Visitor: 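Structure below; questions to follow.
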Amino acid sequence: MEKKIVFDCDNTFGMKGCDVDDGLTLLYLLGHPRADLLGVTTTYGNSRTEAVYPNTLKMAREIGREGLIVKRGGERPGDFKSEAVDFLVEMADRHQGELSVLATGSLTNLGGAYEKDPHFFEKVKEIVLMGGITEPLLFAKGRMDELNFTCDQKATFSVLTKGRNVSVITGNNCLKVLFTREEYRRELKEDIPILSYIRERTDYWFDDNMDDYGIQGFYNWDVTAGAYLMEPELFEDIRKPMDIRMEDLCEGFLREAKEEEANCVLSLPQIREERAFKQNIYEMWGKA
């Protein structure tokens with residue numbers, strides 16, 4: 001069944017020194033035959049909104065998707081008045097009970113949609129988030145900070161505790177599958193323009209991950225969230241009662257709780273099988 005989607009992201013694809021996975025998620029959605037992408041709302045996280053917004057427009061032009069709707073979102077925590085917020089509220093009204101929201105950056109825009117319309121979460125069918133940790137992300141060269149839920153803790157708290165049917169792809173659950181440079185060069189064929197484009201624009205990120213963390217490749221954090229939204233059968237769906245606390249969100253930490261002590265229940269999906277997961281991603285990129 002086709003899904004109507006708003007993709008809320010901090011897309012810095014191709015910006016040297018910045019993450020590439022929001023852009024790869026956008027390409028995944030554009031390639032998926034059952035993804036009806038209504039528009040992209042931009043936020044901050046990997047970089048400032050004033051850089052993310054034009055970068056997303058630029059990427060749309062580069063891949064021949066000039067008609068893609070891109071809305072500019074909040075610039076900082078609590079910046080709840082923006083065209084992105086207006087668009088989210090409008091889409092939730094227009095597609096009540098059908099709208100899927102995929103969010104892979106700060107949650108300021110979703111928090112703003114809830115502030116503007118207290119019934120926003122009731123109208124949305126599902127929310128899939130990339131963010132949060134259940135334990136520290138430790139690598140050979142040090143610890144990686146959580147960079148999504150920490151950005152706007154008040155908005156994050158609202159989304160996690162007020163949202164309905166919320167799934168969270170945590171940083172920890174992305175660690176099962178590593179993408180290597182050798183694999184990219186093998187799978188991303190140079191004679192297919194969109195795959196060659198991905199290969200060229202993401203190559204720097206392998207070096208950055210090795211230099212900063214000693215990781216011999218990189219994890220497709222946000223693409224994992226997109227894959228779960230579109231292909232949930234590739235995942236084991238694990239629902240857990242959670243006690244979300246503002247003080248924990250300073251580090252993006254998600255605290256499990258006994259059912260009677262929880263203030264929400266979240267799904268924390270885990271990838272079932274690496275090969276099928278990767279094959280699906282490469283296939284959808286090739287169709288973008």
Side-chain angles (χ1 to χ4, degrees), residues 3-30 35-95 99-118 120-121 123-124 127-131 147-159 163 201 221-223 225-226 229 288:
K3 291 197 174 189
K4 300 184 181 301
I5 302 165
V6 173
F7 180 32
D8 188 72
C9 64
D10 52 341
N11 173 34
T12 51
F13 185 89
M15 293 173 55
K16 294 300 175 65
C18 293
D19 212 329
V20 300
D21 55 338
D22 296 85
L24 291 174
T25 308
L26 176 57
L27 292 171
Y28 178 89
L29 295 175
L30 291 172
D36 180 7
L37 185 58
L38 303 175
V40 177
T41 49
T42 59
T43 188
Y44 58 94
N46 292 330
S47 187
R48 298 170 298 172
T49 306
E50 63 186 39
V52 171
Y53 174 68
N55 188 65
T56 304
L57 291 172
K58 175 177 176 286
M59 182 178 175
R61 290 193 300 270
E62 290 174 345
I63 62 175
R65 300 277 187 155
E66 292 89 346
L68 180 67
I69 294 174
V70 181
K71 300 293 184 179
R72 184 168 180 155
E75 304 277 352
R76 64 194 69 84
D79 186 6
F80 290 159
K81 294 184 178 180
S82 67
E83 61 178 22
V85 166
D86 295 342
F87 183 74
L88 282 161
V89 171
E90 179 187 349
M91 291 299 102
D93 281 336
R94 187 179 302 177
H95 304 288
L99 181 65
S100 299
V101 177
L102 174 63
T104 60
S106 72
L107 297 183
T108 297
N109 294 334
L110 273 66
Y114 175 62
E115 287 287 321
K116 180 173 182 177
D117 179 3
F120 173 75
F121 292 130
K123 299 173 184 178
V124 173
I127 299 173
V128 177
L129 309 173
M130 193 283 129
L147 297 176
N148 288 344
F149 288 2
T150 55
C151 291
D152 188 337
Q153 293 147 37
K154 180 181 177 182
T156 298
F157 186 85
S158 293
V159 176
R201 296 304 177 94
W221 318 96
D222 297 345
V223 183
L229 174 63

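This structure is a prediction, so every number in the text was calculated from the model and none was measured.
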Visitor: By side-chain hydrogen bond (donor to acceptor under 3.5 Å, both in side chains), which residues pair with Thr56, not counting sequence neighbours?
Guide: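 With sequence neighbours excluded, Thr56 shows a side-chain hydrogen bond (donor to acceptor under 3.5 Å, both in side chains) to Asn11, given in chain and number order.
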
Visitor: Give a yes or no answer on whether the side chain of Thr12 reaches the backbone of Asp19 with a donor-acceptor pair at less than 3.5 Å.
Guide: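 Checking the backbone N and O of Asp19 against the side chain of Thr12, a donor-acceptor pair under 3.5 Å is found.
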
Visitor: State, to 0.1 Å, how close Lys123 and Asp117 come at their nearest heavy-atom pair, and which atoms those are.
Guide: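 That would be NZ-OD2, 2.7 Å.
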
Visitor: Of all residues at least two apart in sequence or in a different chain, which pass the side-chain contact (heavy atoms from CB on, under 4.5 Å) check with Asp36?
Guide: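 Glu2, Lys4, Leu38.
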
Visitor: Measuring from Glu50:CD to Glu75:CD, what's the distance to the nearest 0.5 Å?
Guide: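 Spacing of CD (Glu50) from CD (Glu75) equals 6.0 Å.
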
Visitor: Measure across Ala225 and Leu102 and return the closest heavy-atom pair with its distance rounded to 0.1 Å.
Guide: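 Shortest heavy-atom separation between Ala225 and Leu102 comes out as CB-CD1, 3.7 Å.
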
Visitor: For the side chain of Glu83 and the backbone of Arg72, is there at least one donor-acceptor N/O pair under 3.5 Å apart?
Guide: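 Yes, Glu83 side chain to Arg72 backbone: donor-acceptor pair under 3.5 Å.
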
Visitor: Of all heavy-atom pairs between Leu110 and Phe121, which one has the smallest distance, and what is that distance?
Guide: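 What the structure gives for the nearest pair is O-CZ, 4.2 Å.
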
Visitor: Check Lys116 against Pro118 and note the closest heavy-atom contact, atom names and distance.
Guide: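 Closest approach of Lys116 to Pro118: O-CD, 3.9 Å.
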
Visitor: Please check this pair: side chain of Thr43 against backbone of Cys9, looking for a donor-acceptor N/O pair closer than 3.5 Å.
Guide: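 Side chain of Thr43 to backbone of Cys9, a donor-acceptor pair under 3.5 Å: no, none is there.
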
Visitor: Where do Met130 and Phe149 come nearest, in terms of heavy atoms and distance?
Guide: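 Looking at all heavy atoms of both residues, the shortest contact is O-CE1, 4.1 Å.
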
Visitor: For the atom pair CH2 (Trp221) and OG1 (Thr25), what is the distance rounded to the nearest 0.5 Å?
Guide: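 Atom-to-atom, Trp221:CH2 and Thr25:OG1 are 13.0 Å apart.
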
Visitor: Any non-hydrogen side-chain atom of Tyr114 less than 4.5 Å from a side-chain atom of Val159?
Guide: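 No; the side chains remain at least 4.5 Å from each other.
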
Visitor: Of Asp22, Asn55, Thr104, which meets side-chain contact (heavy atoms from CB on, under 4.5 Å) against Asn46?
Guide: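 Output: one option passes, namely Asp22.
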
Visitor: Under a 3.5 Å distance rule, please check whether Asp152 uses its side chain to pair with a backbone N or O of Ser106 as donor and acceptor.
Guide: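 No, Asp152 side chain to Ser106 backbone: no donor-acceptor pair under 3.5 Å.
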
Visitor: If you apply the rule side chain to side chain contact (heavy atoms under 4.5 Å, CB included), what do you find for Arg201 with Met59, and how did you get there?
Guide: CA-CA 11 Å; Arg201 296 304 177 94; Met59 182 178 175; over 6 Å; no

Visitor: Atom CG in Asp79, atom OH in Tyr44: separation rounded to 0.5 Å?
Guide: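 Going from the CG atom of Asp79 to the OH atom of Tyr44 covers 8.0 Å.
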
Visitor: CZ/Phe80 to CD/Glu115 distance, rounded to the nearest 0.5 angstrom?
Guide: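 Rounded to the nearest 0.5 Å, the CZ-CD separation comes out at 5.5 Å.
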
Visitor: Can you tell me how far apart CD1 (Ile69) and CE (Met91) are? Round to the nearest 0.5 Å.
Guide: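 CE of Met91 is found 6.5 Å from CD1 of Ile69.
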
Visitor: Can you tell me how far CG of Asp8 sits from CG of Asn109, rounded to the nearest 0.5 angstrom?
Guide: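 Between Asn109 CG and Asp8 CG, I get 4.5 Å after rounding to 0.5 Å.
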
